[in-house]
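Worksheet: one structure, shown below.
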Amino acid sequence: MKQTNSLIKGLVNKEEKIILKIYELVYPKVLSFIIKNKGQDSDAQDVFQNALLQISVRYNKEAFEIKSSFEAYLFTVCKNLWRRELNKSKKWVTKNEIVQLQNEQENALAALEQERWELFTEHLKTISENCRKVLLLFFNKTPYNEIVKKMGYNSESVVRQRVFKCKNKLTELIKSDKRYKSLIEL
């Protein structure tokens with residue numbers, strides 16, 4: 001946690017030594033991920049810069065605590081930004097003002113998406129271990145018959161009921177969080 005705090009504070013304060021350390025720790029992983037997922041070196045550079053900017057702006061707006069390592073957090077932000085980039089339509093407008101506005105909107109949406117992901121993962125950790133395992137298998141599109149075997153349930157019906165109950169519990173926890181309302185807007 002101590003290293004996480006020093007890295008984020010160094011980033012926010014634009015300390016060159018810290019920023020270089022962040023690059024050394026995380027950029028090679030981001031570059032590898034993006035190249036494996038239809039990207040190029042220049043894409044990785046853009047995504048990494050956007051992620052650093054997003055984290056810095058968000059932290060300046062409202063200091064937040066990173067519950068994992070800074071490296072894991074930054075890598076997740078980069079992965080989400082790249083996935084968003086791959087999913088968005090490739091319509092480009094030549095007017096600079098419109099492109100700049102679109103970039104600002106994209107950055108705001110990416111930051112919002114990251115906050116939603118953090119809220120989700122935070123509450124996923126609070127449900128029972130059994131529920132967490134079932135939902136992770138379900139979210140990873142594991143077939144019901146495999147979940148039956150892995151979890152030792154009697155039938156696929158039991159799995160469906162368990163998934164339903166666990167999803168409802170997780171949804172209830174997320175919706176009762178005070179941050180939820182601000183994250184559904186936009």
Side-chain angles (χ1 to χ4, degrees), residues 1 3-125 135-136 139-141 170 174 177 179-186:
M1 267 329 212
Q3 184 184 18
T4 296
N5 290 336
S6 68
L7 290 175
I8 195 161
K9 287 185 177 157
L11 172 64
V12 170
N13 294 328
K14 297 176 177 73
E15 295 174 30
E16 189 175 338
K17 263 176 115 173
I18 300 293
I19 293 172
L20 287 173
K21 184 175 182 178
I22 292 169
Y23 265 88
E24 287 174 19
L25 290 170
V26 186
Y27 183 73
K29 296 172 193 159
V30 171
L31 176 62
S32 175
F33 173 79
I34 289 177
I35 287 175
K36 287 178 185 172
N37 289 279
K38 303 178 185 173
Q40 300 174 10
D41 192 348
S42 60
D43 297 320
Q45 291 172 16
D46 291 344
V47 165
F48 199 77
Q49 282 293 315
N50 283 340
L52 292 176
L53 180 64
Q54 176 185 315
I55 291 169
S56 186
V57 167
R58 182 172 167 219
Y59 191 86
N60 279 330
K61 183 179 172 192
E62 182 179 339
F64 60 93
E65 183 181 335
I66 297 175
K67 301 204 185 333
S68 62
S69 72
F70 180 79
E71 296 91 346
Y73 182 83
L74 176 56
F75 184 72
T76 301
V77 171
C78 290
K79 278 181 18 180
N80 289 341
L81 284 171
W82 183 242
R83 286 183 180 136
R84 174 178 274 290
E85 188 66 32
L86 289 175
N87 289 333
K88 80 178 184 182
S89 70
K90 298 296 178 191
K91 295 179 185 173
W92 295 103
V93 181
T94 56
K95 292 185 179 178
N96 287 340
E97 294 170 9
I98 294 173
V99 171
Q100 183 178 357
L101 179 61
Q102 287 174 338
N103 288 340
E104 289 172 10
Q105 288 172 337
E106 284 297 319
N107 286 339
L109 286 172
L112 181 64
E113 196 173 88
Q114 182 65 31
E115 288 181 60
R116 288 175 179 162
W117 175 252
E118 290 166 13
L119 182 67
F120 169 79
T121 56
E122 186 178 309
H123 286 292
L124 184 62
K125 291 175 185 173
L135 287 180
L136 287 173
F139 293 146
N140 286 317
K141 300 185 185 333
L170 181 59
I174 291 170
D177 191 295
R179 298 169 289 176
Y180 174 75
K181 268 194 173 174
S182 67
L183 296 177
I184 60 170
E185 306 287 318
L186 200 67

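A quick note: this is a predicted structure, and the numbers were derived from the prediction, not measured.
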Smallest separation among heavy atoms of Lys38 and Leu86, with atom names: CB-CD2, 4.4 Å

Lys29/Glu24 salt bridge by N-O under 4.0 Å criterion: no

Minimum heavy-atom distance between Ala44 and Val30, given as atom pair plus value: O-CG1, 4.4 Å

Nearest-0.5 Å distance that lies between atom CD1 in Ile34 and atom OG in Ser42: 9.5 Å

Euclidean distance, Leu52 CG relative to Leu74 CG, rounded to 0.5 Å: 5.5 Å

Euclidean distance, Cys78 SG relative to Phe33 CZ, rounded to 0.5 Å: 9.5 Å

Within the 6.0 Å centroid threshold, strictly below: Phe139 and Phe120: yes

side-chain contact (heavy atoms from CB on, under 4.5 Å) between Leu25 and Phe70, intermediate numbers included: CA-CA 10 Å; Leu25 290 170; Phe70 180 79; over 6 Å; no

Audit row: Lys9, Val12, side-chain contact (heavy atoms from CB on, under 4.5 Å) steps and yes/no: CA-CA 5 Å; Lys9 287 185 177 157; Val12 170; 5.7 Å; no

Asp43 (side chain) donor-acceptor with Gly39 (main chain) under 3.5 angstrom: no

Gln40 atom CD, neighbour heavy-atom count above 12 within 6.0 Å: no

Taking every non-hydrogen atom, the tightest pair across Lys21 and Leu7: CD-CD2, 4.1 Å

Distance-minimising heavy-atom pair for Asp177 and Glu122: OD2-OE2, 4.4 Å

Spacing of Ile18 atom CD1 and Asn13 atom CG [to the nearest 0.5 Å]: 9.5 Å

From CA spacing to verdict: side-chain contact (heavy atoms from CB on, under 4.5 Å), Val47, Val77: CA-CA 9 Å; Val47 165; Val77 171; over 6 Å; no

Any donor-acceptor pair under 3.5 Å from Thr121 side chain to Trp117 backbone: yes

Separation of Leu11 CG from Ile22 CD1 (nearest 0.5 Å): 4.5 Å

Heavy-atom donor-acceptor pair, Trp82 side chain to Asn37 backbone, under 3.5 Å: yes

Flag side-chain contact, heavy atom, 4.5 Å: Asp46 against Leu81: no

Gap separating the OG atom of Ser69 from the CZ atom of Phe75, nearest 0.5 angstrom: 11.5 Å

